[in-house]
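Reading through the structure tokens given below for one structure.
FYI, side chains are in, hydrogens and waters are out, and symmetry mates aren't considered; it's all heavy atoms of this structure. Along the sequence shown, residues carry numbers from 1.
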Amino acid sequence: QVQLVESGGGVVQAGGSLRLSCTASGNIFMINTMAWYRQPPEKAREYVAFINRRDIAATYAESVKGRFTISRDNARNTVYLQMNSLEPEDTAVYYCYVRAILLGRESESEYWGQGTQVTVSS
């Protein structure tokens, strides 16, 4: 199995910055996709950003383009989300998501972190 440990959430004023981290551990052979999702209060979970192992290309939701940056450290099985120019609308629980191949397996499985709260005050 894979365990995902997130950190970096907190309370910040509008216009401020936060950096989220998520480290995966377990019987991992390779992690392909790493991504961040978020769930605002009383709303459905939504995609934020995605980064692929092979080409390191990243994609973003329109609402965060130009403000958020996703990156990864494959040696540490860690994905980051740098969030700048935060807005009250960014308030949500942020979840790490990975698709990984475990040792001895051939296919990918998906895993979710426990979530970290980000609150942006106006």
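Y60 and F50 fall into different hydrophobic clusters, defined by Ile, Leu, Val, Met, Phe, Trp and Tyr side-chain heavy atoms under 4.5 Å apart, directly or through other members. In terms of hydrophobic clustering, with Ile, Leu, Val, Met, Phe, Trp and Tyr side chains grouped at heavy-atom distances under 4.5 Å, M30 and L103 are assigned to a common cluster. No continuous path of hydrophobic side-chain contacts links V120 to V93 [ILVMFWY only; heavy atoms under 4.5 Å]. There is no path of hydrophobic side-chain contacts, each under 4.5 Å, that joins Y47 to L81.
A distance of 7.5 Å separates CH2 of W36 from OG1 of T116, quoted to the nearest 0.5 Å. Taking CZ from F68 and CE from M83, the interatomic distance works out to 5.5 Å, rounded to the nearest 0.5 Å. If you take CD on E6 and CG on L20, they are separated by 8.0 Å, rounding to the nearest 0.5 Å. Considering OG of S107 and CG of L102, their distance stands at 8.5 Å, rounded to 0.5 Å. The distance from atom CD of Q117 to atom OH of Y94, rounded to the nearest 0.5 Å, is 9.5 Å. Atom CG of N52 and atom CZ of R72 lie 7.0 Å apart (nearest 0.5 Å).
At a cut-off of 3.5 Å, with distance as the only test, no side-chain donor of T69 or Y80 sits close to an acceptor on the other residue. Side-chain polar atoms of T78 and T23 form a donor-acceptor pair below 3.5 angstrom. For the 3.5 Å distance criterion, the side chains of Y37 and E46 fail to qualify, holding no donor opposite an acceptor. Using a 3.5 Å distance cut-off with no hydrogens or angles, the side chains of E108 and N32 do pair a donor with an acceptor.
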Any chance you could lay out the side chain to side chain contact (heavy atoms under 4.5 Å, CB included) test for Y111 and Q3, step after step, and finish with the verdict? CA-CA 8 Å; Y111 302 91; Q3 294 77 43; over 6 Å; no

Check the pair T119, V12 against side chain to side chain contact (heavy atoms under 4.5 Å, CB included), reporting the backbone distance first and the verdict last. CA-CA 6 Å; T119 302; V12 63; over 6 Å; no

Dump the intermediate steps for side chain to side chain contact (heavy atoms under 4.5 Å, CB included) on V79 and C96, then the final yes or no. CA-CA 8 Å; V79 61; C96 174; 3.8 Å; yes

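In this structure, R45 is positioned above the aromatic face of Y95, its NZ or CZ under 6.0 Å from the six-membered ring centre and within 45° of the axis.
Here the side chains of Q82 and S17 are in contact, with some heavy-atom distance below 4.5 Å. A heavy-atom distance below 4.5 Å is found between the side chains of V98 and L4. Between M34 and R99, every side-chain heavy-atom pair lies at or beyond the 4.5 Å cut-off. Between S25 and N77, every side-chain heavy-atom pair lies at or beyond the 4.5 Å cut-off. Side chains of I101 and F29 form a contact here, defined as non-hydrogen atoms less than 4.5 Å apart. The side-chain heavy atoms of V118 and T91, taken from C-beta on, include no pair separated by under 4.5 Å.
Heavy atoms only, all atoms of each residue included: I70 and A58 are closest at CG2-CB, 3.5 Å. When all heavy atoms are compared, the tightest approach of L18 to G8 is CD2-O, 3.8 Å. Of all the heavy atoms in A14 and S122, the pair that sits closest is CB-CA, 4.4 Å. Of all the heavy atoms in V48 and V64, the pair that sits closest is O-CG2, 3.7 Å. When every heavy atom of S63 is checked against every heavy atom of R38, the shortest pair comes out as OG-NH2, 3.4 Å.
Between Y97 and W112, a ring centre-to-centre spacing shorter than 6.0 Å is recorded.
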